[in-house]
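Report on one structure; see the data block that follows.
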Amino acid sequence: MILSDRDILARIKNRSLKIEPFDVRMLQPSTIDFHLDSKISVFDNWQTGMIDLAKKQDVSRVIDIGKKGSFIIHPGEFILGSTIERLTLPNDLAAKVEGRSSLGRLGLVIHATAGYVDPGFSGNLTLEISNISRLPIKLYAGMRIGQMAFIMMSSPVMNPYGSKKLGSKYQGQTGPTASKIWKDFRK
């Protein structure tokens with residue numbers, strides 16, 4: 001079951017769902033809008049010939065465009081962004097991240113594969129942003145960039161995201177967070 005605006009608002013009011021900062025104008029019929037933070041991670045592909053998934057290797061650098069700044073993402077370019085909003089999900093809710101239709105119609109994609117947020121997650125969301133159009137797109141800090149729907153679980157999960165048993169890599173993340181896939185090879 002996807003929560004309605006009424007249910008989302010009730011969860012926020014009783015603090016079982018936390019979105020900070022929250023503004024009631026973010027509320028849509030079945031989603032919450034979220035905004036692009038000023039920190040963007042750009043890839044320096046000149047530093048290495050390839051990414052070795054088994055090694056801790058970050059080929060990106062974070063830049064801060066400022067609270068009123070902008071960033072031009074070129075055709076075929078891939079960057080990491082982050083939400084301004086910090087999300088904390090209870091053990092009985094998951095979230096689905098989607099782009100805005102108005103941006104998708106221009107060729108802007110905000111998640112490559114990571115569109116699902118597990119129950120128990122807490123942190124800012126990292127966005128996997130691509131420009132699949134033929135024209136550069138100017139992004140602005142603070143702009144509405146996506147939306148999130150909340151999915152009610154059939155029952156609270158036994159091991160929420162962040163449990164020691166799961167080894168959750170991104171619990172508590174802030175800003176655009178680089179891949180930690182290399183940790184999968186350390187088991």
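The model shown is predicted, which means the values in this text are computed figures rather than measured ones.
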Close side-chain approach of T83 and M148, heavy atoms under 4.5 Å: no
Presence of salt bridge, E20 and R15, under 4.0 angstrom: yes
Side-chain donor/acceptor of S133 to backbone N/O of L135, under 3.5 Å: yes
Connected via hydrophobic side-chain network under 4.5 Å: F121 and M158: no
Heavy-atom check, side chain of R86 versus side chain of S122, under 4.5 Å: yes
V157 backbone acceptor or donor facing N91 side chain under 3.5 Å: no
Check: S4 main-chain N/O paired with S30 side-chain donor or acceptor under 3.5 Å: no
4.5 Å side-chain heavy-atom contact, R11 and M152: yes
Beyond-backbone contact of F71 with I79, side-chain heavy atoms, under 4.5 angstrom: yes
Polar contact flag, side-chain donor to acceptor under 3.5 angstrom, Q28-D33: yes
Flag if over 12 foreign heavy atoms under 6.0 Å of CG, L106: yes
Hydrophobic cluster membership, V109 vs L139, 4.5 Å side-chain cutoff: no
Test item: L36 and Y140 side chains (from C-beta on) under 4.5 Å apart, heavy atoms: no
Other residues, nucleotides, ligands: >12 heavy atoms within 6.0 Å of K180 NZ: yes
Donor-acceptor side-chain pairing of S82 and N124 below 3.5 angstrom: no
I73 side chain near F78 side chain, heavy-atom distance below 4.5 Å: no
Pairwise side-chain contact, F34 with V97, heavy-atom cut-off 4.5 Å (strictly under): yes
Q147 (side chain) donor-acceptor with G99 (main chain) under 3.5 angstrom: yes
